[in-house]
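In this chain, residues are counted from 1 in sequence order.
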Amino acid sequence: MLDPLSNEAKILLTLIGGRSKSRRQISKETSIPYQTVANVIARLVEYGFVELEKIEDNEKFYKITEKGVRELSKSVSKERQDIEKLLKITEVVQ
């Protein structure tokens with residue numbers, strides 16, 4: 001499961017809108033250094049969470065896969081459950 005604050009999760013969230021993006025666009029939108037984005041994208045492709053959609057003007061454009069959407073969804077759901085537990089604990093303490 002992904003850590004929702006990880007570079008992997010940030011990149012997947014950037015791609016969730018459906019439009020493919022280049023590594024340069026992802027780097028700019030997430031403020032993650034370009035080389036880090038390139039390394040993370042390579043891992044995400046290997047895991048099947050992201051796929052190359054097209055190459056245009058020597059730039060590769062990537063999109064999230066259904067597997068990537070499911071993994072991101074699981075991570076966000078788990079995070080939400082943890083936050084709800086913390087809120088309940090806080091209510092009991094107060």
Side-chain angles (χ1 to χ4, degrees):
M1 191 170 304
L2 297 171
D3 174 354
L5 301 177
S6 69
N7 287 336
E8 289 86 352
K10 290 175 187 175
I11 289 171
L12 290 175
L13 284 167
T14 301
L15 294 172
I16 202 83
R19 197 176 121 249
S20 63
K21 296 182 182 178
S22 71
R23 293 176 290 193
R24 196 169 318 285
Q25 289 170 315
I26 294 167
S27 176
K28 185 175 180 179
E29 290 180 26
T30 61
S31 298
I32 300 170
Y34 177 85
Q35 191 57 53
T36 302
V37 168
N39 294 337
V40 171
I41 287 284
R43 280 196 309 273
L44 292 173
V45 167
E46 184 179 322
Y47 300 153
F49 297 159
V50 168
E51 65 186 8
L52 176 64
E53 183 176 53
K54 64 183 176 181
I55 299 175
E56 192 174 283
D57 297 327
N58 291 328
E59 284 232 56
K60 295 179 179 180
F61 287 78
Y62 297 88
K63 68 177 188 174
I64 192 169
T65 63
E66 284 299 317
K67 183 178 179 181
V69 170
R70 283 193 306 273
E71 185 64 26
L72 186 60
S73 178
K74 283 193 308 191
S75 296
V76 170
S77 293
K78 171 80 169 88
E79 191 71 19
R80 185 179 324 142
Q81 290 171 358
D82 291 347
I83 289 170
E84 288 172 359
K85 287 177 189 175
L86 285 172
L87 289 172
K88 286 180 183 176
I89 291 169
T90 303
E91 289 172 3
V92 170
V93 172
Q94 291 178 354

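Between Leu15 and Lys21, the shortest heavy-atom contact is CD2-CB, 3.9 Å. What you find for Pro33 and Ser27 is that their closest heavy atoms are C-OG, 3.7 Å.
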Pair up each side-chain donor or acceptor in residues 41-49 with any protein partner under 3.5 Å, not counting sequence neighbours, and list the distances.
unit_1 : atom_1 : unit_2 : atom_2 : d
Arg43  : NH2    : Glu8   : OE2    : 2.7

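Both Leu52 and Leu12 are assigned to one and the same hydrophobic cluster, defined by single-linkage of ILVMFWY side chains at heavy-atom distances under 4.5 Å. In the hydrophobic clustering of ILVMFWY residues, with side-chain heavy atoms under 4.5 Å counting as a link, Val69 and Tyr62 come out together.
Ser20 meets the side chain to side chain donor-acceptor pair (under 3.5 Å) test with Glu53; sequence neighbours excluded. Residues passing the side chain to side chain contact (heavy atoms under 4.5 Å, CB included) test with Ser22, sequence neighbours excluded: Arg24, Gln25, Glu59, Phe61. Qualifying salt bridge (charged side-chain N to carboxylate O under 4.0 Å, His left out) partners for Glu66, counting only residues two or more places apart in sequence or in other chains: none. Lys60 is linked by a salt bridge (charged side-chain N to carboxylate O under 4.0 Å, His left out) to nothing, counting only residues two or more places apart in sequence or in another chain. Residues meeting the salt bridge (charged side-chain N to carboxylate O under 4.0 Å, His left out) test with Lys28, sequence neighbours left out: none.
In this structure, Ile11 CD1 and Glu29 CD are separated by 11.0 Å, a value rounded to the nearest 0.5 Å. The CG atom of Leu13 sits 10.5 Å away from atom OG1 of Thr30, with the distance rounded to the nearest 0.5 Å. Note that the CD atom of Glu71 and the OG1 atom of Thr65 stand 10.0 Å from one another [nearest 0.5 Å].
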(message) Test side-chain contact (heavy atoms from CB on, under 4.5 Å) on Ile16 and Leu72; report intermediate values, then the result.
(response) CA-CA 9 Å; Ile16 202 83; Leu72 186 60; 4.0 Å; yes
(request) Show your working on side-chain contact (heavy atoms from CB on, under 4.5 Å) between Ile26 and Ile32 and close with a plain yes or no. (result) CA-CA 8 Å; Ile26 294 167; Ile32 300 170; 5.9 Å; no
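The main-chain N or O of Lys10 is found under 3.5 Å from a side-chain atom of Thr14 such that the two form a donor-acceptor pair.
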